[in-house]
Structures are given as C-alpha cells and as structure tokens.
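Reading through the structure tokens given below for one structure.
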Amino acid sequence: MEGHIEVKLDVFEGPLDLLLHLVRKDKLNIYDIPISRITEQYLEYLTLMQGLNINVAGEFLAMAATLLYIKSRMLLPEAFEDDEEDPREELARRLLEHQLFQETGQHLGAFALLGRDVFAREMPQEETDSIGVPEPELAASLFDLLRVYREVLSRMPHELQHEIELEPMTAEQKMEQILAWLAERGEGLLEQIFQMSRNRFELVLCFIAVLELAKRRRLAIFQKEAFGSVLLRRTDYGNNGH
Amino acid sequence: METTDTRKIVEALLFIAQKPLTFPSLASFIERNTPADRREGLREKIRQALLELEEQYREGHGIVLVHVAGGYQLRTDHALAPWLQKFLAAKPERFSRSALETLSIIAYKQPLTRAEIEAIRGVDCTAVMGKLLEKGLVRITGKKEVPGRPLLYGTTKEFLELFGLNEIGDLPTLRQIDELVPKDEPEVDPAGTAAEEVSPPPQTLS
C-alpha cells in the first residue's frame, strides 16, 4: 500500500461499484481485466474499509471470493482451455450491465421531473372530489391498506387498564358488522371502519375482516386518486347465495 | 349546457384537472353533458381541439400541453423551472443515485424480482425498494412461477407522470443510452474508435 489512498466513502455502493471504479481508474478493458492486479487492489480497499471501521457488507466478501476463484482458475491453463470460456467472462458481463444501469440511472435523473423541473396544477385535497370528470378508480394496493392500518394503529390509545374482559368478537361477526355499516351508507372510508374498533384486538380483527371480505368479493376497496383515502363499498356479489 | 366552443371547454378542463386526462374520460364527460342532438361528431371535435391546443401551446407560452401517462396535461415549460421552484419555495424531491439506478433497472427489465435487481446492482435493495413502493413509483405486478414464487415488480402510472412519459416505451432504448454516454475507452481498438470520429453528418452549412 502506498499509504495515501483516497476513498470517498459514500461512493461505493456494493462490490460491483467498487470493481467498476478500479477498472475505470486505471482505464482497464472490461473484457480483459488483469485479474491478479484487480484482486489485489480490491482486497486493499476492503482492508482499508475495515480499518476505517466501515462495516464491510457480506456482498463485498462474496465478490472477493469470486475474484480469488477466478484468479485460481486463471492459474490452471488446462482447465481454462477445456471450458473454452474465459473465467472472467461472467464478471465482465455483470460489470457491463452494472455500468449500463448506472448510466441509465443518471439519464433518468436528468429527465424533466414533475415537481422538480416542470409543474402541473395542484389543488388542495378537499377540492379535488368536486371535479366532474370521472377518473378511473385506482385499485388500492396492499400498501395503501397497510398505510391506513398503521396510521390508525398509531392513533389507538393504549389499552385501558381495569377493563373487564370484553366479549371477544369473531372475524365473522366483524364482517357482518362492516357489511351492515356499509349497507347504511353505500360506501365508507376504511379509516372510519377502523375507528369503530375499541381496542387493538378489534382493530386487528377489523383489518382481517376487511381483507377477508375483499377476498370473498363482498367488498370493493378503492381509491379515487393516488395516495388518497381508501374507500370501501359493498358489492352485490354473493348476496343471492343465501 | 351551452354549446360553447369545444376547444375552450377542453382547454378549461385541462387547466383545472389535477391529473392527466385521458381522451376517453375527457370525451365521455363532454358528451354526457352535451344535448343528445349535438353529440354528432363531438369526439372528432375534441380530438381536433386537443391537436390545436397542443399546437397553440407549443411556442410562446409558459405552459405546454404534454402527453403523459396515457393522458393530456398542462405543465409548465421546463425552462421556467428556476422561477417556479422559487415561487413555490419547493424543496424538490431528490432521488438518490441508488433510487434512480434501481428505478431504471425496474423500468427496463420489468417485470422482475428483487433478487434479479440485486444481481445487477450488486447490493441489497430492501431499503430502496421500500421507498419506491411507498412513493408509488413501483408496484408488485405478480409472482414469478419459480420455486418460492418471488414477487415481481414493475413501474406504475405515477412513474410515467413523474418522468413525463406517455408510456413505458417512450424511454430511450438501452442501446441509445449506451451510445449517448461518453466512455473513457481503453486503448482496445484505436482503428474502430477512430473510424467513428471521422465524419459527423454534414450539417446545413449554407
């Protein structure tokens, strides 16, 4: 080691990044990497990182093993010829692909981004519902459901002490309750349904019941806009069944 | 409603809409609110109006009419970004290099699994993926039919809106990007690289 290697610590995101840096630094040909030299440099960097108390992630070590393996294969001329494949080929392919997507990422970053480079009309949340143009309803994703669940969960007061054991509810009862509630009003906010719960147990039950109803197609879950409120509506499905 | 100039209606709707308006939603809204005897050829008029507006906003305006995420939207001219950023006192969303890289891998290779993304990036992508999912730029599109049935990921409509793309096919091809980026090529084949530099296409020199 020459004693003064400059490392920008945040630069390397993973072993491929580091390798690519080493390749570029010395303007090496990716297809013909001097594996012995690069392995040496790579390991030097790892030692350096460890010396600086940087937690060297497992991926870095796995790549070190790969490099050493390739190096050992290069030392065995017969094995090399038998396969008729340069042991470095796979590595070169990965480096090139990695490089390509580094560039693609940079390229994407230079696009005219909405909210950064170009702007469109934004309206306060309340007013958006009044627009007459029907936008197709967005199906709410599991993440949206979880988001609402988490929000309500965080608002939930801690369970009261000295509470007499409530009659435990079953998921079936909860489902009936939800359907009945929706029957009254057509559609309702997922949050409101969650708020009917008196404790965490019921809240969990409520979440399960909503998912189960959706699975049975008794309930449609949707949003009117991205990140908007999650709404529930009864469907007619399965009503004729019994 | 009165038979106001269709173009004016279209323009006003685009002006007030918060999301890109698709042609079908625009057309059906206008149609529903037009007396039955005046609906003849209305869709064609709307289509024409969109074309005209697009042309009209092309030059000399602070806003442009763009095709994005399968719809139409009025957006500010890119050149005015500094003004608007100041005006809105916006803290523009910054995308980390890792977010952009991950996003580009997903955009080009979708649908694909997280393991496949990580193979390209060479690092664990849990945190980045979490952020992209939360922002709604990426979504789960299904499960891959291999052992373990890992989740498959793809980009969303919000992704298209954010990047101002009408459809995913509007992204430049990987080959184009590869060619676009200047490389510090090693001295592999000086003949090959030299040949490329010889003659740029003759521009109008007159």
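A, B, ... follow the sequence lines: proteins, then strands. Residue 1 opens every chain.
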- Task: Would you please say whether a donor-acceptor pair under 3.5 Å links the side chains of Thr104(A) and Glu101(B)?
- Result: no

One option among Ala112(A), Ala62(A), Gly14(A) has the most heavy-atom pairs under 4.5 Å with chain B, and it is Ala112(A)

Counting heavy-atom pairs under 4.5 Å with chain A, the top scorer among Leu162(B), Thr102(B), Val68(B) is Leu162(B)

Per-residue tally against chain A (heavy atom, under 4.5 Å) across Gly164(B), Ser104(B), Ala81(B) peaks at Ser104(B)

When the 4.5 angstrom heavy-atom criterion is applied to Ala79(B) and chain A, the contacting part is neither

The interface call for Leu165(B) against chain A, heavy-atom contacts under 4.5 Å, is side chain

Q.
Less than 6.0 angstrom from the centroid, inside 45 degrees of the normal: does Arg121(A) satisfy that with respect to the ring of Phe15(B)?
A. yes

- Query: Side chains of Leu231(A) and Leu190(A): does their closest heavy-atom pair fall under 4.5 Å?
  - Reply: no

(message) Check this for me: does any side-chain nitrogen of one of Asp17(A) and Arg97(B) sit under 4.0 Å from a carboxylate oxygen of the other?
(response) yes

With the threshold set at 4.0 Å, does a side-chain nitrogen-carboxylate oxygen contact exist between Glu97(A) and Arg93(A)? yes

With chain B, the option among Val118(A), Leu100(A), Asp117(A) that has the most non-hydrogen atom pairs under 4.5 Å is Asp117(A)

Okay, Leu74(B) and chain A: the region with an atom under 4.5 Å from a heavy atom over there is backbone

Identify whether the distance between the nearest side-chain nitrogen and carboxylate oxygen of Glu55(B) and Arg58(B) falls below 4.0 Å. yes

Practice prompt. Say whether Glu54(B) and His67(B), considering side chains only, have a donor N or O and an acceptor N or O under 3.5 Å apart.
Written response: yes

Turns out that what part of Leu16(A) lies under 4.5 Å from chain B's heavy atoms comes down to side chain

So, the part of Glu59(A) with a heavy atom under 4.5 Å from chain B: the answer is side chain

Cut-off 4.5 Å, heavy atoms of chain A, and the answer for Pro172(B) is side chain

Could you tell me whether Glu212(A) and Arg216(A) have a side-chain N and a carboxylate O separated by less than 4.0 Å? yes

With chain A, the option among Lys135(B), Glu118(B), Arg139(B) that has the most non-hydrogen atom pairs under 4.5 Å is Lys135(B)

When the 4.5 angstrom heavy-atom criterion is applied to Phe95(B) and chain A, the contacting part is side chain

Whatever's closer than 4.5 Å to a heavy atom in chain A on Ile63(B) counts as neither

task: Return yes if some donor-acceptor pair links the side-chain N/O of Arg39(B) with the main-chain N/O of Thr34(B) below 3.5 Å, else return no.
output: yes

Scored by heavy-atom pairs under 4.5 Å with chain B, the best of Leu114(A), Leu95(A), Asp26(A) is Leu114(A)

